[in-house]
Amino acid sequence: PGTPSSEIGNILSVVAKNAEMYFEFSANEKVAMEVAATAAASGLRSFTFMKHVGLNVAADSFMTTAYSGVKGGMIILVADDPSLFSSQNEQDTRNYSRLSSIPILEPSNPQEVKDMMVYGFDLSEQFGIPVILRTSTRVSHMRGIVECGEIEKPKSTTKETESDGHWLRGYFVKNPREFVPVPANALAMHERLAEKMERMEETANESPVNEVYSFENGSLQGKYGVISSGGAFNYAYDVVSQENLGMDILKMAFSYPTPKDLIYDFCKNLEGVFIVEEVDPVLERDVLAVLGENNLDCPVYGKFDGTFPMVHEYNPDIVKESINKVVSDLVNDKEFLEEYKSENGTDFTVGLVKNHIWAGGSEGNVDDVPEFNPNMPTEEIFTMPHKDKVNGNIVCYKCKKRNIKTIAIAGGVASNSSLREILINEASKRGIEVLFPAPILCTDNAAMIASQGYYEYLDGKTADLTLNAVASMPIDTNFKL
């Protein structure tokens, strides 16, 4: 079967007799698919497994089995290999699910593998269709405690027959219109398959394996959400919980047929949603389609917009850094704020607009006016604060260091009445007096200069074009209102 699915056969070959199970290693994946499909067509539950590229070998039989359907439950476990640890490519089996119209389940840990085997067999028999169980290298090689339920005695959904072995034998009921896919029959088979998928979408919307994980609090609670599946869910959960982000996570374990209503309900009140998946942007396409169909304005952050890497497996660091590209709260900001806080003694925090970086427009203050902070347009271009991510209080480092007790604030910003009130209150707590000009005098710098020039002109003071434009007029004299 090939790594990362090899260990399954190694174990089943040992326990098959005691488990009253027929087991064989087949010549190749196509043969294995046909043997399992034949058993399922004869009313028995069957299971075949292979790595992702093995499904290429079995594709012909696999596609046709979707048309013919099954009588007993049939699970096809396909082990994907993100980052190609032992494979020639990292193709995503979820694409085969869409191509064949076969439902797919994506467990994220050993317990879920067992639970979804049981769920998958029931689902397969309910709708008469095979079910894919998709794992990845990390899930395939994961270890953990697994709680088992009651083991039911094997049975056939058609007719049981006597067996001289330790396994149950099924009975194949001949029905050419159902199992012989010549063109005349295949037309009706495809119609039945489409009808099955339509009914299964309703089941996916209500499936207990599709679950929303919520957190009591966090910086992004109620604003953003995460949709994930399979092994990638583990990384998303770790980052959201450990970084106290508070985002709800929709775990899409039954990801196809697409549970459209579930996706819509999850996204409808969010400011944005992150799609965390390995390897192809399959979930992302589905989410974008649902949002588009419902004219829902919810930005999607995934592979298409460059938030997450397009290829290879993830890890918590990759997921953390990818989310940080959007919310600017996890890596660069935190490092900057720690440095800023230790240097300036402040708990002032700033979050950036997407794709902005910390870059100052000036290396320091003017030497002869150390308390003067000039306007720095470079910061507005490269380091734009997010309107909802500026929090905390500012303690003036230079005031504390130089024992300055009075601060003068002028310019257009000083006309903000709310800012005046906040600054006065916060400064008074630290024994600092804040001085503001009258609001009518607090306007744009250029307007203030023009106003002064206007009154100078009315007083008959003019200059010719040889004037050297250097600030030289004292601002505390000759001003008229």
Quick one: are [X] and [Y] in side-chain contact, heavy atoms under 4.5 Å?
{"X": "L220", "Y": "E271", "result": "no"}
{"X": "I249", "Y": "F215", "result": "yes"}
{"X": "E284", "Y": "F308", "result": "no"}
{"X": "V131", "Y": "M116", "result": "no"}
{"X": "P107", "Y": "L133", "result": "yes"}
{"X": "V273", "Y": "F266", "result": "yes"}
{"X": "K320", "Y": "D238", "result": "no"}
{"X": "L283", "Y": "R94", "result": "yes"}

Are any of the side-chain nitrogens in [X] or [Y] under 4.0 Å away from the carboxylate oxygens of its partner?
{"X": "R98", "Y": "D286", "value": "yes"}
{"X": "K461", "Y": "D459", "value": "no"}
{"X": "E106", "Y": "R134", "value": "yes"}
{"X": "K429", "Y": "E426", "value": "yes"}

Test your reading of the model: is there a side-chain donor-acceptor pair from [X] to the backbone of [Y], 3.5 Å cut-off?
{"X": "S214", "Y": "D248", "value": "no"}
{"X": "D261", "Y": "N205", "value": "no"}
{"X": "S428", "Y": "I424", "value": "yes"}
{"X": "K325", "Y": "T307", "value": "yes"}
{"X": "S97", "Y": "T93", "value": "no"}
{"X": "S228", "Y": "V276", "value": "yes"}
{"X": "K405", "Y": "I432", "value": "no"}
{"X": "S140", "Y": "S5", "value": "no"}
{"X": "K51", "Y": "S86", "value": "yes"}
{"X": "E90", "Y": "S83", "value": "yes"}

Report the C-alpha distance between R138 and E278 in whole Å, list the side-chain angles of each, state the deciding distance to 0.1 Å, and finish with yes or no for salt bridge (Lys or Arg N to Asp or Glu O under 4.0 Å).
-> CA-CA 11 Å; R138 300 301 177 183; E278 300 170 329; over 6 Å; no
By ring-ring contact (aromatic ring centres under 6.0 Å, His included), which residues pair with Y67, not counting sequence neighbours?
-> H190
Which residues pass the ring-ring contact (aromatic ring centres under 6.0 Å, His included) test with F254, sequence neighbours left out?
->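 Result, ring-ring contact (aromatic ring centres under 6.0 Å, His included) vs F254: none returned.
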Return the [atom1] to [atom2] distance between [X] and [Y], rounded to the nearest 0.5 Å.
{"X": "I409", "Y": "L423", "atom1": "CD1", "atom2": "CG", "value": "4.5 Å"}
{"X": "N109", "Y": "R143", "atom1": "CG", "atom2": "CZ", "value": "15.0 Å"}
{"X": "S229", "Y": "I275", "atom1": "OG", "atom2": "CD1", "value": "9.5 Å"}
{"X": "T48", "Y": "I75", "atom1": "OG1", "atom2": "CD1", "value": "11.5 Å"}
{"X": "N315", "Y": "Y235", "atom1": "CG", "atom2": "OH", "value": "7.0 Å"}
{"X": "L291", "Y": "L296", "atom1": "CG", "atom2": "CG", "value": "5.0 Å"}

At their closest point, which heavy atom of [X] faces which heavy atom of [Y], and how far apart are they?
{"X": "V53", "Y": "Q88", "result": "CG2-OE1, 3.8 Å"}
{"X": "A236", "Y": "V226", "result": "CB-CG1, 4.1 Å"}
{"X": "S101", "Y": "I129", "result": "O-CD1, 3.5 Å"}
{"X": "C267", "Y": "I227", "result": "SG-CD1, 4.0 Å"}
{"X": "G69", "Y": "K196", "result": "CA-NZ, 4.2 Å"}
{"X": "G54", "Y": "E29", "result": "O-CB, 3.3 Å"}

Within 6.0 Å of [atom1] in [X], more than 12 heavy atoms from elsewhere:
{"X": "E7", "atom1": "CD", "value": "yes"}
{"X": "F121", "atom1": "CZ", "value": "yes"}
{"X": "Y454", "atom1": "OH", "value": "no"}
{"X": "E147", "atom1": "CD", "value": "no"}
{"X": "K260", "atom1": "NZ", "value": "no"}

Worked verdict on V300 versus D305 for side-chain contact (heavy atoms from CB on, under 4.5 Å) = CA-CA 8 Å; V300 175; D305 71 335; over 6 Å; no
Decide side-chain contact (heavy atoms from CB on, under 4.5 Å) for H52 and V78; before the verdict, give the C-alpha distance in whole Å, the side-chain angles of both, and the deciding distance to 0.1 Å.
-> CA-CA 6 Å; H52 59 314; V78 185; 4.2 Å; yes
Can you see whether [X] engages [Y] through a side-chain donor-acceptor pair at a distance of less than 3.5 angstrom?
{"X": "Y119", "Y": "S207", "value": "yes"}
{"X": "N89", "Y": "Q91", "value": "yes"}
{"X": "D122", "Y": "Q126", "value": "no"}
{"X": "S136", "Y": "D80", "value": "no"}

Could you walk me through whether L99 and M63 pass the side-chain contact (heavy atoms from CB on, under 4.5 Å) check?
-> CA-CA 8 Å; L99 177 66; M63 295 291 294; 3.9 Å; yes
Could you walk me through whether S241 and Y213 pass side-chain hydrogen bond (donor to acceptor under 3.5 Å, both in side chains), step by step?
-> CA-CA 10 Å; S241 59; Y213 290 76; over 6 Å; no
Are Y96 and Y256 close enough, and set up right, to give a ring pair (Phe, Tyr, Trp, His ring centres under 6.0 Å), and what steps lead you there?
-> CA-CA 11 Å; Y96 261 120; Y256 186 77; over 10 Å; no
What residue pairs, at least two apart or across chains, pass side-chain hydrogen bond (donor to acceptor under 3.5 Å, both in side chains) with a residue in residues 411-424?
-> none
With E201, the side chain to side chain contact (heavy atoms under 4.5 Å, CB included) member among P259, P257, P103 |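 Filter result, single survivor: P257.
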Using the side chain to side chain contact (heavy atoms under 4.5 Å, CB included) rule, pick out the option among Y237, Y314, F274 that qualifies with V319.
-> Y314
Where do M142 and Q111 land on the side-chain contact (heavy atoms from CB on, under 4.5 Å) test, with the steps shown first?
-> CA-CA 10 Å; M142 191 182 294; Q111 181 69 53; over 6 Å; no
